[in-house]
2 protein chains.
Amino acid sequence: MEDIPRDGTAAPKGTVTQRAIERIKAMITDGSLEPGQRLPTERDLAAELGISRSSIREAIRALTVLGVLEARHGSGIYVTALNAGDLLETFGVVADLSRGPRLVELLQVRRILESTATALAAARITPEELAAVEGHLAAMNATDDPEEILAHDLEFHRVIARAAGNETMAAILEGLSSRTFRARVRRGYQEEGAFARTRREHAAIHRALAARDPEAARSAAAAHVGEVEEWLRGQVGP
Amino acid sequence: MEDIPRDGTAAPKGTVTQRAIERIKAMITDGSLEPGQRLPTERDLAAELGISRSSIREAIRALTVLGVLEARHGSGIYVTALNAGDLLETFGVVADLSRGPRLVELLQVRRILESTATALAAARITPEELAAVEGHLAAMNATDDPEEILAHDLEFHRVIARAAGNETMAAILEGLSSRTFRARVRRGYQEEGAFARTRREHAAIHRALAARDPEAARSAAAAHVGEVEEWLRGQVGP
DNA sequence: GGTCTGGAGGTGGTCGGACCACTTGGGCGA
DNA sequence: TCGCCCAAGTGGTCCGACCACCTCCAGACC
């Protein structure tokens with residue numbers, strides 16, 4: 001089906017695998033591949049694109065780590081739901097690999113987005129979601145286990161991000177708060193006994209949400225993240 | 001040759017390739033692999049990790065598309081500078097693959113970040129950068145070629161994002177404004193003769209920057225992106 | 001001596017085939 | 001009819017070979 005164009009229009013741009021990646025991406029953007037749909041087998045795809053199975057496998061693997069495809073052993077290859085979460089999972093990798101000044105920059109981005117998300121949440125949070133927030137807040141204050149505190153801390157912010165009504169923003173914030181990222185920052189941070197302050201900040205955020213006060217929520221969230229940001233800036237820079 | 005696992009700690013989590021990806025990522029995070037450094041040969045890496053060359057190649061390919069590694073044919077594999085741009089390039093893929101409601105969400109994220117970036121830029125932009133902004137503004141108004149306009153439009157915002165002093169934020173905005181994304185939005189948008197309005201908005205942003213007025217810059221940028229956002233919302237939703 | 005050039009070796013890129021691990025679904029037997 | 005089991009099909013892994021490209025240096029040349 002795929003005869004080789006003799007003219008230079010289809011320039012042999014990049015590697016064969018790279019072209020395969022583009023082809024598959026194109027199939028999705030132009031609608032021939034729907035979310036959740038099953039792709040042809042690796043062997044068929046290879047034949048269809050006129051390349052070897054090894055090459056098509058590399059392309060598939062690449063799209064898999066990007067969260068676009070999902071390979072199920074023994075079953076087949078499927079297009080993911082293309083949810084924001086699927087695609088933005090790689091955002092966590094960036095946080096993991098970032099060090100020094102870029103960590104501060106990432107935290108700055110998070111401060112901007114998180115404060116806005118919290119403000120939005122204040123205006124549209126449901127009673128159920130507010131109850132969940134309170135639950136995590138209480139759980140956080142009820143234990144001394146750092147692991148558990150961190151887990152509820154993450155959930156606390158996750159629920160708020162979800163309540164903002166922007167799945168994409170929530171997914172980005174999720175990546176920005178990836179486990180290792182938080183753990184790394186926390187490790188040193190908590191040692192300075194900033195526990196009490198963190199609790200106060202969380203409480204302030206909750207109060208603003210309960211009062212449905214977007215501006216207060218924005219300030220509280222910005223202050224919360226900014227606190228960590230300032231500390232980290234001191235650790236990195238001179 | 002390597003039938004015996006060295007110790008029991010090597011849990012058989014996931015596929016061999018997946019483990020290889022984690023191993024390489026770990027080498028970078030723990031510092032054994034510096035940015036710009038050359039990795040061992042694919043053949044050596046395969047032997048070192050006790051896996052086949054095919055598998056290690058898939059892992060390398062995956063990290064390549066993530067912007068972590070860079071393979072130079074005939075030369076070797078290198079760790080990228082790990083700049084924000086390298087790692088966040090994949091963000092553009094998300095924009096390319098997003099449709100419908102998620103496009104609106106992405107634009108909302110862009111509005112938040114772009115307005116903040118513009119505000120920051122107003123406070124710290126240098127005369128040289130301001131001149132560059134003016135240059136693109138003038139070039140944009142001097143031609144009718146949509147291609148050229150789009151190019152200068154992108155540069156206009158790029159210079160401003162850079163001037164904000166946060167490379168990470170600039171890289172994210174770059175991905176959010178990827179060529180195809182903008183082209184897709186523009187295609188229909190310009191047809192409604194919103195040309196003049198776009199010019200006015202750009203001029204307003206420039207005025208705010210020249211006046212070093214962060215608040216005015218924030219409003220102007222938010223209005224600019226919000227304009228497109230509103231239009232797109234109307235296209236998607238009912 | 002310094003400079004250019006050619007080639008050899010090493011590297012990633014591609015290919016084809018083989019086998020294994022796992023899932024699936026239909027046929028067989030109870 | 002129900003349940004189990006196995007065969008076919010799928011992705012996962014490995015191997016060996018060859019190709020395209022880059023690098024570097026020995027040797028020729030000026």
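Order of the sequence lines fixes the chain letters, A, B, ..., with proteins taken first and strands second; residue numbering starts at 1 for each chain.
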Quiz item: To the nearest angstrom, how far is A:I21 atom CD1 from C:dG13 atom P?
Solution: 12 Å
Quiz item: D:dG11 P sits how many Å from A:Y78 OH, rounded?
Solution: 9 Å
Exercise. Could you give me the CA-CA distance, side-chain angles and deciding distance for A:L107 and A:L176, then say whether side chain to side chain contact (heavy atoms under 4.5 Å, CB included) is met?
Key: CA-CA 8 Å; A:L107 217 43; A:L176 251 30; over 6 Å; no
Quiz item: If only atom types and distance count, is the side chain of A:Q18 paired as donor or acceptor with the main-chain N or O of A:T15 below 3.5 Å?
Solution: no
Quiz item: Can you list the stems that DNA chain D is part of, where a stem is at least 3 pairs in a row, each Watson-Crick or G-U, with both distances below 3.5 Å?
Solution: C:1-30 with D:1-30
Provide a list of protein-nucleic acid N or O atom pairs under 3.5 angstrom, restricted to nucleotides 9-11 of chain C.
{"residue": "C:dG10", "atom": "N2", "partner": "B:G74", "partner atom": "O", "Å": "3.2"}
{"residue": "C:dT11", "atom": "OP1", "partner": "B:T41", "partner atom": "OG1", "Å": "3.4"}

Quiz item: Any donor and acceptor pair, going by atom type alone, linking the side chain of B:T143 with main-chain N or O of B:D145 inside 3.5 Å?
Solution: yes
Exercise. Give the rounded distance in Å between these two atoms: CZ of B:R53 and P of C:dG13.
Key: 8 Å
Quiz item: Taking DNA chain C as the partner, which of residues 55-66 of chain B come within under 4.0 angstrom of it by heavy atom?
Solution: B:R57, B:R61
Quiz item: Should A:E105 and A:V109 count as side-chain neighbours, where that means a heavy-atom distance under 4.5 Å?
Solution: no
Exercise. Identify, with sequence neighbours excluded, every residue that meets side chain to side chain contact (heavy atoms under 4.5 Å, CB included) alongside B:E89.
Key: none
Quiz item: Of the options B:H152, B:H136, B:H224, which is the one that meets B:H157 in a ring-ring contact (aromatic ring centres under 6.0 Å, His included)?
Solution: B:H224
Quiz item: More 5' along DNA chain C: B:S54 or B:L39, using each one's nearest nucleotide?
Solution: B:L39
Quiz prompt | Contacts of type salt bridge (charged side-chain N to carboxylate O under 4.0 Å, His left out), residue A:E167, not counting sequence neighbours | solution = A:R162
Quiz item: How about B:D144: does its CG atom have over 12 heavy atoms from other parts shown lying under 6.0 Å from it?
Solution: no
Exercise. May I ask you to check whether B:E129 and B:T126 show a side-chain donor-acceptor distance below 3.5 Å?
Key: yes
Exercise. For A:R124, check side chain to side chain contact (heavy atoms under 4.5 Å, CB included) against everything at least two apart and list the hits.
Key: none
